[in-house]
Structures are given as structure tokens and as C-alpha cells.
Amino acid sequence: MIHTKTTPLRDSILRHLTYSFGKDPEHAILEDWRMALSFAVRDRIVDAWFKATQKTYETGAKRVYYLSMEFLIGRLLEDGIVNLELVDEAKSALAEYGKDYHEVLNDEPDAALGNGGLGRLAACFLESLSTIGCPAHGYGIRYEHGLFRQSFVDGRQVEMPEHWLEQRHAWEFERPEVRYRIGFGGHVDTRGETVRWYPSEEVEAEAYDTPVVGWKGRWANTLRLWSGRAIHPFDLDAFNHGDYTRAAAPEALARTISRVLYPDDTTEQGKELRLKQEYFLTGAALRDILRRFNNQFGDLRRLPEKVSIQLNDTHPAIAGPELVRILHDERGLSFQESVEIARGTLSYTNHTLLPEALETWGEGLFGKLLPRHLQIVDQIDHEHAKNFPKRTQSMRSDNLVKMGPLSFVMAHHVNGVSALHTELMKTTVFEELHNLHPERIVNQTNGVTPRRWLLACNPRLAGLITSSIGEDWVDDLGQLSKLEPFVEDAGWLDKYSTIKRSNKVELSNWMSSAHGIHADPDMLFDVQIKRLHEYKRQHLNILETIAHWLEIRDNPNADWTPRLKLFAGKAAPGYFFAKDIIRLINDAAAVINSDPMTSKFLKIAFLPNYNVTLAERLVPAADLSEQISTAGKEASGTGNMKFALNGAPTVGTLDGANVEIREHVGAENFFLFGMTAEQVMERRTTEAHARKAIEADPRLKRALDEIRAGRFSPSEPGRYEGIVSNLEGADYFLVCSDFTDYWRAQREVDASFKDTLGWARMAALNTARSGWFSSDRTIRGYMNDIWKAESLLEK
Ligand code: 26V
């Protein structure tokens with residue numbers, strides 16, 4: 001093996017600039033420098049990668065496979081540099097060539113191969129798996145276009161296609177030799193015991209590998225993404241007849257499969273292309289997994305002992321029937337044994353209880369694309385019903401295939417993503433199945449990787465922590481508790497607040513140069529950044545902001561705590577209510593920001609095109625974290641953890657992992673408000689709950705009246721009638737019922753922020769007590785409780 005470690009980075013950069021990209025330093029453009037640096041870093045990752053692969057093979061260890069339709073990985077260059085501890089060397093190497101480190105990092109496109117929480121969690125998990133040294137692969141789709149780019153025109157969201165591969169991408173290795181045929185449609189042939197599926201259409205899945213390096217480069221795993229291509233890329237006959245469109249059709253069709261990420265994580269729509277994508281990912285991954293297993297072990301009965309496959313939500317749930325099909329139809333095992341082996345290998349994570357997001361497929365569509373799988377699902381369901389005759393919850397009712405129950409039945413463990421969410425799974429969506437299989441549901445509370453979400457994004461705070469307690473916290477985040485004694489030291493707290501202020505200055509400078517938004521770093525930076533959803537209640541936030549503005553106007557000389565309300569997030573293109581909320585926030589911002597009476601005290605900014613990179617800028621600069629979902633609706637949240645870790649206390653409900661965050665940081669360091677999940681369910685049954693709440697709170701009433709009167713949309717007074725009448729009427733997410741308590745909590749925030757030292761102490765305690773929210777802890781939980789997999793670094 002070549003040991004690239006011995007080559008100084010500056011030489012490696014120059015070598016790549018010259019020989020990989022054919023440029024000399026005089027003619028190199030920014031992208032050339034970014035690519036040269038990436039290749040120099042990548043070389044070192046590859047060394048770690050080979051060693052890890054070899055060790056996994058030699059030890060015959062169990063392998064983990066994480067199947068996910070989404071990996072929201074963001075930029076990778078800084079991640080590699082930080083994990084290999086090359087920050088200083090990279091900075092000075094670039095400086096020698098007259099290049100600025102941050103400018104080079106900023107040239108990298110943000111890989112948005114995911115919608116939000118579920119996809120970002122998968123990315124954090126990959127990094128933790130490598131840090132821990134658990135042999136693992138991520139499997140996903142190499143979307144040509146990730147999540148759409150968002151801009152605002154007159155306050156309205158406009159979507160544009162995203163094209164992350166337009167610029168050169170440094171991290172993947174194409175594997176033309178790793179290709180599988182994936183079939184759709186056709187018919188099933190049954191001859192006695194022998195059943196065979198003959199698809200009518202086939203595409204090829206080609207592998208692209210990205211190495212994922214862990215902390216200190218001790219280990220690297222693989223993210224393998226599949227790209228669609230035609231088996232016969234070109235119809236020569238059509239071409240020769242002059243029909244050039246038809247000649248190119250097979251290629252265009254096959255490529256459609258991996259063309260674009262579905263941008264709607266709210267409503268399940270049962271679209272044919274989506275089901276094709278799901279089977280494309282799963283079919284290719286399973287072939288690859290079984291090929292590797294076969295080469296090393298052979299005997300399929302040992303699959304559960306050597307392989308653990310995690311299904312990230314139900315999206316790859318077709319893995320159950322597909323594995324049964326391969327084992328039974330193709331390898332000749334009995335149906336029952338095939339089901340048992342599949343179940344011994346598969347486990348499933350549920351990420352949402354929202355009924356509209358739970359996947360189902362019409363049996364017509366499902367049977368047309370996957371006729372054999374439909375038969376297998378029916379048989380699995382039939383056997384399950386036979387074993388549990390009193391069962392009522394079927395995976396095959398209402399002419400649908402229900403992916404939740406299918407996943408549950410085909411998995412040895414099913415997990416929720418926070419303590420509350422897991423308990424709710426047991427009493428709501430999976431109540432009956434849980435009672436039949438009481439050992440199956442387990443909890444694994446989410447986490448975030450501290451390398452990206454503290455060390456890399458907040459170098460100043462990371463520096464203070466390391467100088468205070470040493471550097472072991474980076475892969476043992478629980479050690480942050482050693483910071484607790486420091487919070488009693490005013491000098492140390494002063495350093496802590498100075499860092500927060502520097503981060504706010506840095507964000508302000510960026511907002512002003514990138515968006516022309518001018519912010520005063522002495523204001524309280526109050527941040528809500530996440531997908532737009534009614535249950536996440538960005539409209540509760542803007543209502544309170546409007547009410548607060550009106551109150552400041554009533555009494556402009558009072559001693560108000562100056563606040564900057566920051567929002568960012570995308571709405572699904574077809575989710576019109578969510579898009580109206582964006583527009584309302586932007587309209588309100590336009591009016592409020594230009595009000596000279598209040599401008600010292602209140603500003604609003606909605607930053608466009610929220611993505612991982614923007615989160616990395618905002619999280620370190622936040623004073624307050626808004627986690628205000630209707631209790632019972634947010635499965636976990638992971639942004640909430642990033643903010644707490646970076647010293648932004650939460651204003652939040654008892655929802656998802658907020659509950660556990662509050663337990664860890666202490667109730668006195670968390671601004672709690674709102675109904676509990678239980679009270680929410682109860683309140684929904686109360687007649688006219690919204691009207692009653694509005695009548696009881698004049699501030700809320702006034703804010704709604706102003707919106708209705710067109711105060712923020714004078715050219716079109718009725719613009720927000722939809723939002724207002726929804727809130728007065730159904731108000732399913734109980735915005736009105738929680739308003740009064742939210743207002744109270746916000747005024748408590750105002751008062752606390754005035755006590756500078758007290759606030760710094762609270763922020764620092766949030767950092768010191770957030771160690772449990774590392775995704776390393778989460779992954780160890782999966783390894784012990786679900787996968788029975790071991791680290792190869794600790795051996
Ligand atoms: C559903 C669908 C429906 C079909 C089209 C594409 C699509 C994409 C995503 C989804 C479900 C999204 C579920 C989700 O993202 N849940 C979030 O998972 C986070 C990680 O566990 C958790 O922190 C959030 O609370 C939860 O909302």
C-alpha cells in the first residue's frame with residue numbers, strides 16, 4: 001500500500017492540481033483548487049478505507065447495512081479534513097498558494113440527497129459507524145437532482161431544480177463492474193413447487209462508492225449509491241430508421257429512475273416512479289449484500305448471524321418480500337424458512353406517526369410492477385393471520401399494501417427514535433402488533449455527530465472545550481459533563497459568551513454579504529429552521545412575533561429585549577398551506593422590519609434555501625432554539641440536539657426528544673410551554689377549542705385580526721384568509737390553544753436574556769449536559785440491542 005500520510009498535503013495538492021486536473025497554479029480556478037485539495041484529502045481516506053475493508057474480511061465480522069432512500073450528507077471536504085485533523089495543515093498549504101481555506105471549502109456544492117431529519121440522521125449515522133469502527137455500508141440512490149433549490153419572489157417560495165453534479169464531485173468512485181439488473185412488471189410462472197418471476201422491463205443499477213471516514217481516520221465505511229442506466233443504451237434499429245428520439249428512449253427511461261429525489265415528506269402519494277425507486281434501491285442492495293455474503297460464507301442459514309439490514313423507515317420495506325423471493329424462489333429454501341431468515345436479518349425504524357405519511361400502495365399498481373412480491377406479501381399476511389387468529393390489523397386491507405405492518409411483521413426489531421415516540425408507537429399505529437409481539441419494539445433515541453455539529457461548525461467553542469477538558473470529548477461526548485464546574489467561573493463564562501458573540505458577528509456578516517440582511521449581533525438570535533409543516537408550527541412563531549410587535553408599538557419606550565427572529569426551511573412544492581405560511585412570514589417581515597417604531601427591538605429574516613451548509617452557519621450563532629411542534633407529532637427532532645449542544649437553550653413543547661433534552665439539561669435551563677401529547681388528544685375533542693382560546697387571549701385575537709385585515713398584505717387583504725379561518729376553525733395542530741403559554745414562555749426568555757451572566761450559564765449548561773445526544777451513543781445502542789454487531793477498533 002502507498003502511504004500517502006507521509007506526503008505533505010501541500011505537495012499532494014500540487015501533484016493533483018498538475019496531474020489529475022492538468023492545471024498549473026497560475027491558471028487554476030477556484031474549483032481546481034477545491035478538487036485538488038479534495039483529492040489530496042481523499043487519498044488519505046482511501047488508505048484508511050482499504051485497511052478497514054481488509055480487517056472486516058479477515059475477521060469475518062458481522063456487517064451492518066443501512067438502507068435509506070435519503071442521505072442528506074451536505075459538503076464532505078471539511079468533514080474529511082476535520083476527521084483527519086488536517087485543518088491547520090490545509091489552511092497553511094492553501095495560504096502558500098495564495099488561496100483562502102474558507103473560500104475553497106465554500107466552493108463545494110451541498111449534496112442534498114434527502115428531505116430533512118430522516119436523511120440527515122442517516123448521514124450522521126454513517127459518520128458514527130465509521131468513528132466507532134462498526135463494519136457497515138450505507139445503500140441509497142445517486143439522485144441526479146437532490147432537493148430543489150428555494151428562492152423567494154415577492155415573499156413566495158419558488159422552486160428550481162438542484163444540480164449538485166454540475167460542478168465536479170470529488171468523493172465518489174464509479175464502479176462499472178458492479179451492476180445489477182432490476183426488473184419490473186411481467187408475469188409469474190408457477191410449476192408445482194417452483195415459482196419464477198419473469199419481469200417485462202429491466203434497468204441496470206450501477207454502483208458509485210463514497211468512502212465515509214470516522215474520527216482520526218481510524219476507520220472508513222462505504223456509502224454505495226445506485227444510478228440507473230439502460231441495459232441496451234441505444235436502439236440501433238430505430239436510429240438506422242432515422243427515429244433518433246426512439247433510439248435514445250431506453251436510456252432516458254432508465255435514467256429517470258435515479259433522476260430526482262421526491263420532495264414531499266408530508267403526504268404519501270402512491271406514485272409509480274417512487275415505488276420503482278424503492279425497489280430499485282432495495283433490489284440492487286440485496287443482490288450486492290448476498291453476493292458479498294456468498295463469497296465469504298455461502299450457507300444462507302447463517303445470514304442473520306453475519307448480516308444485519310436496517311430499514312430507514314418503510315421506504316425500503318420491499319426488502320422483506322424480495323429477500324423471501326430470492327431465498328425461496330431462486331435458492332430453493334422453504335417459504336417458512338425464508339421468512340424466518342429474512343426476519344432474522346431485517347430491522348425497521350419508524351420515523352413518523354403522521355397518518356398521511358405512512359406508506360401504502362394500491363394493490364393494482366403494486367401487483368403490476370411487482371406481481372410476485374404481491375403474492376409473497378399475501379402469503380406472509382396469511383401465515384401471520386393464521387398464527388394470530390384474533391388479529392385485525394392486516395398489511396393487506398382496503399385493496400392496499402400497507403408498508404408499516406409489513407415492515408413490522410418482517411423485522412426482528414422495530415424502533416422508534418425518541419422515548420416518547422416509541423411509547424406512542426405502542427399505543428397508536430402499532431398497538432395491536434405490539435401486543436402480539438411485545439419484545440419487538442425498542443427505543444433508540446436519535447443523536448447527531450459531534451464532529452460535524454460542534455468540532456467543525458463551531459471551532460471557537462470546540463477550542464474552548466478542548467482547552468478546558470482535553471480533546472477526548474470528540475468521540476466520547478459524555479465527557480462534556482466535565483465542563484460543569486467551569487460554569488461557576490465568571491471568567492470562563494465570559495469566554496463562552498464572547499465565543500457566542502463572535503459566532504453571531506460572523507453570521508451577521510455573512511447574512512449581510514450573501515442576502516443584504518443587516519442584523520445587530522447584540523439582539524437575541526431566535527432561530528426556527530426545519531421543513532415547513534403545520535405540525536412544526538412556524539405559524540405559531542409568526543403569530544407570537546406579530547402579537548409582540550403590536551405590543552411594542554403600544555409601548556415603544558419600554559425596556560424590550562431586542563430580538564432577531566430567524567427562519568429557514570422548505571415547503572413541499574404541493575403543500576400550499578405551508579407555502580402560505582412562508583409568504584406570511586415574509587410579508588410580516590417586510591412590514592415589521594421597516595417600522596421605525598420597533599426596529600430597535602424586533603427584526604425578522606427568512607433565509608432562503610435551507611440546507612445542511614446553512615444549518616452549519618446558523619446553529620453556532622443561535623441564542624434560542626425553537627422546538628414548538630404540537631406534542632405527539634415530532635418523532636424526535638435532531639436540530640433540537642444541535643442547538644442545545646451549541647449552547648442555545650430551547651423554547652419547546654414536551655414532544656419528541658425535547659422531553660429527553662429537558663431531562664438532561666435540567667428543567668431550569670429549558671423554556672417549556674404547551675400541552676402534553678395526552679392533553680392534545682383530549683383538547684381535540686373539545687368543542688370549538690380554537691374559538692375559545694382566541695376569545696380568552698386578546699393578544700392572539702388582535703394578531704389574527706391584523707392578518708385578516710390585510711395589515712401585511714395591503715394589496716390583497718384576503719391573502720391569508722385561508723390560514724386565519726383554519727386557525728379559527730379546525731386548528732388541528734392546536735396553535736391557538738398553545739398560544740397563551742407560548743407567549744408566557746417567550747416573555748420569560750426576554751427576562752432571562754437580560755441577565756447576561758445567568759444566560760451564559762444556562763447556555764453553557766446546555767452544552768455541558770448534551771453529551772448523551774451524540775449519534776455515537778445512538779449507534780452503540782443499535783449495535784447492542786438490535787444488530788448484535790461489534791466494533792473492530794476495540795478488538
Ligand atoms: C415520507 C415520504 C413519503 C413518500 C415520499 C417521500 C417521503 C420522504 C420522507 C417521508 C417521511 C419522513 C419522516 C421523517 O423525516 N421523519 C423525521 O425523522 C427524523 C429522524 O428520525 C426525526 O428527528 C423527525 O422528528 C421526524 O419528523
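Each ligand, and each atom within it, is numbered from 1 in the order the structure gives. Residues take their numbers from the sequence shown, with the count starting at 1.
By the 6.0 Å contact criterion, CD on Gln269 is enclosed, its count of non-hydrogen atoms from other residues, nucleotides or ligands being greater than 12.
When heavy-atom distances to ligand 1 are checked against a 4.0 Å cut-off, Leu118 comes that close through both its backbone and its side chain. Of the heavy atoms in Thr349, none comes closer than 4.0 Å to ligand 1. If you look at His315 next to ligand 1, the close heavy atoms, those under 4.0 Å, all belong to the side chain. Only side-chain heavy atoms of Glu70 come within less than 4.0 Å of ligand 1; its backbone N, CA, C and O stay farther off. Residue Met69 does not touch ligand 1, judged by heavy-atom distances below 4.0 Å.
When only interatomic distances are considered, the shortest N/O to N/O separation between Thr352 and ligand 1 does not fall below 3.5 Å. Considering backbone and side-chain N/O of Glu359, none are found under 3.5 Å from N/O of ligand 1.
Checking each of Lys570, Glu534, Gln157 against Tyr575 for a side chain to side chain donor-acceptor pair (under 3.5 Å) leaves exactly one that passes, namely Glu534. When each of Arg537, Gln746, Gln538 is tested with Glu626 by the rule side chain to side chain donor-acceptor pair (under 3.5 Å), just one qualifies, namely Gln746.
Every atom of ligand 1 is numbered from 1 in the order shown, and the set under 4.0 Å from a heavy atom of Val417 is 21 (O). Of all atoms in ligand 1, numbered sequentially from 1 with element shown, those under 4.0 Å from a heavy atom of Ala635 are 25 (O). Residue-ligand proximity, Gly637 to ligand 1, at heavy-atom distances under 4.0 Å covers atoms 22 (C), 23 (O), 24 (C), 25 (O). Each of the atoms 27 (O) of ligand 1 lies under 4.0 Å from some heavy atom of Tyr535. In summary, the atoms of ligand 1 found under 4.0 Å from a heavy atom of Gly117, numbered by their order in the structure, are 19 (C), 20 (C).
For atom 12 (C) of ligand 1, the closest heavy atom belonging to the protein is Asp265 CB, 4.0 Å. At the shortest separation from atom 27 (O) of ligand 1 among protein heavy atoms lies Glu634 OE2, 3.0 Å. Scanning the protein heavy atoms around atom 26 (C) of ligand 1, the nearest turns out to be His351 O, 3.4 Å. Of the protein's non-hydrogen atoms, Asp264 O, 3.9 Å is the one closest to atom 3 (C) of ligand 1.
Using a 4.5 Å heavy-atom threshold, the side chains of Phe125 and Asn312 count as separate. No side-chain heavy atom of Asn115 sits less than 4.5 Å from a side-chain heavy atom of Leu72.
A perpendicular orientation is assigned to the rings of Phe430 and Tyr348, their planes being inclined by more than 60° (bins at 30° and 60°).
Scanning for ring pair (Phe, Tyr, Trp, His ring centres under 6.0 Å) contacts around Trp361 gives an empty result, with sequence neighbours left out.
For the 3.5 Å distance criterion, the side chains of Lys530 and Gln627 qualify, holding a donor opposite an acceptor.
Less than 6.0 angstrom separates the ring centroid of Tyr279 from the ring centroid of His373.
Taking the centre and axis of the six-membered ring of Phe733, the NZ or CZ atom of Lys633 falls outside the cone set by 45° and 6.0 Å.
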